[in-house]
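Lettering follows sequence order; numbering is per chain, from 1. No experiment lies behind these values; they were computed from the predicted model shown.
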Number of protein chains: 2
Amino acid sequence: MSITYREVKADILRQITQGELAPGSSMPNEVDLAASYGCARATVNRAMRELADDGIIERRRKAGTRVRLNPIRQVRLNIPIVGQEIEELGAAYRYALVHGQAEPAPNWLRARMALKRDDRVLHLTCMHYADGAPYQHEDRWINLGALPEAEQHDFSDIGPNEWLVSTVPFTEAQISFHAVQADATIADYLDCTEGDALFQAERMTWLEGQTITFVQLTYRRGHRLTMQY
Amino acid sequence: MSITYREVKADILRQITQGELAPGSSMPNEVDLAASYGCARATVNRAMRELADDGIIERRRKAGTRVRLNPIRQVRLNIPIVGQEIEELGAAYRYALVHGQAEPAPNWLRARMALKRDDRVLHLTCMHYADGAPYQHEDRWINLGALPEAEQHDFSDIGPNEWLVSTVPFTEAQISFHAVQADATIADYLDCTEGDALFQAERMTWLEGQTITFVQLTYRRGHRLTMQY
DNA sequence: TTTCTCAAAAGATATAGACATAAGGCGTAA
DNA sequence: TTACGCCTTATGTCTATATCTTTTGAGAAA
């Protein structure tokens, strides 16, 4: 076969990284590139589309294609389920339900999850262990108005995250990362000192506009979220 | 025109989210789908390829395509330059170089950056302010073996990040996020209390296998990194 | 039974050609 | 001069067809 779109992509990328195509400079159009590579325009198109997608080049109809002045640095972050995360570390995973209770939503949570005045929530507290050591503390609230079957479910053996993923797999979500100081309770669960800096993720999940669940995931001391790009 | 790949993608996604196609179930092959949508195979292929890329479905030659049991949750995280990040918040950005000095690399850094025994580094400490308030503390080391011109450069006015991005734009990098306790120095710079939990990013950057720079970015108290998916 | 080989199946990609769409730029009219 | 509108151009997408590659499963051989 002739030249592949990967080869075209690699060659263009090489030209850019080696400075043959300067940042900000504009590139030949697809027809000319196809001619010079001796391939079809669709092949060049795919290569260029992926480069644009990677934030390396910028494309506009009629205006043409140019090398980005400041390439967009982006990473893909996989949001793992904690059990898988731990097993990928090569450690044994253990889950424990600490506390589970249906209750009226407290005010701060009502505001945060945009619940109605008399909506009830299922409040779950769980622990996740890696090789027997505390790994993550999970504080979760599930909107029983949106997901009443959660109240009947027994979370002793499988975690709420896994249950939710298999029950309402295709949701919208917002995730945020930040640092918190361990309070006495968390310090106790995670076997650290009160006041320690801990990495925390918060996630809110919607299904068709309805808030399903809000969760705070507090990681053990020293946890890092690492990515390549 | 006929049906677009976006419409095909949207329709398949709808079938999956609405439960017409159950997780784990296998889908018709491209030829059949193209026939049923009344479009070319390439159109279906693009729709399916993007769905696979989004982690919704799983494709294997010969085995066919199936809906993922556990859809991969992934987000794209843009790594912004701090100046842009602050200006996007609608705040005024100010930069200050606190300290800059070329020195032999300390042992811990030599190990971390994989430097040779007598490599020298440029150690820079900078502050980034949003509307006059401390936003981010930057502690950076640049490998002078790989980038000797850094020693001559004056970092008083533009930050090392911006300079690096414009000098060596296309690099490989590893980024990691975690929580740290503010020590006395950092607390002073970021105007917080010693012991406060702070969000910190560490980034190491390579160009063609050579370590270029290592940086610790410590954010002001309460900083959050937020993403939708 | 187990292992190896090979053919078929399904996705992956290339091609040539066509039309669609967005937007820059020029010409014309106010 | 300015504003509007058309024309051109570059990218975006679709079609129809063909070939390539990977993987699986069946059948042959050990």
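If you measure from atom CD1 of B:I3 to atom P of C:dC19, you get 21 Å, rounded to the nearest angstrom. Rounded to an integer number of Å, the gap from NZ of A:K9 to P of C:dA14 is 12 Å. Between the CD atom of B:E7 and the C1' atom of D:dC14 there is a distance of 12 Å, given to the nearest Å. Atom CD1 in B:I57 sits about 14 Å away from atom C1' in C:dA12, given to the nearest Å.
Side-chain polar atoms of A:T211 and A:N143 form no donor-acceptor pair below 3.5 angstrom.
The six-membered or imidazole ring of A:Y129 lies away from that of A:Y95, with a centre-to-centre distance of 6.0 Å or more.
Considering only side-chain N and O atoms, B:T65 lies under 4.0 angstrom from the phosphate OP1 or OP2 of C:dG11. A sub-4.0 Å separation between OP1 or OP2 of C:dA12 and a side-chain N or O of A:R6 is absent. For B:T43, a side-chain nitrogen or oxygen approaches OP1 or OP2 of D:dT15 to under 4.0 Å.
Each of B:R41 and B:R46 lies near DNA chain D, and the nucleotide nearest B:R46 is the one positioned closer to the 5' end. If you find the closest nucleotide of DNA chain C to B:G64 and to B:A42, the one lying nearer the 5' end belongs to B:G64.
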Produce the list of close N/O pairs, under 3.5 Å, pairing protein atoms with atoms of nucleotides 21-28 of chain C; give distances to one decimal.
| residue | atom | partner | partner atom | Å |
| --- | --- | --- | --- | --- |
| C:dT21 | O2 | A:R61 | NE | 3.4 |
| C:dA22 | O4' | A:R61 | NH1 | 3.3 |
| C:dG24 | OP1 | A:R60 | NH2 | 3.0 |

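For the salt bridge (Lys or Arg N to Asp or Glu O under 4.0 Å) test with A:D54, the passing option among A:R73, A:R49, A:R68, A:K9 is A:K9; the others fail.
Distance from the side chain of A:N45 is smallest to D:dT13 among D:dT13, D:dA10, C:dT13.
At least one test fails for B:R220 against the ring of B:Y135: distance under 6.0 Å to the centre or angle within 45° of the axis.
Looking only at side-chain heavy atoms (C-beta outward), A:N29 and A:L33 stay at 4.5 Å or farther from each other.
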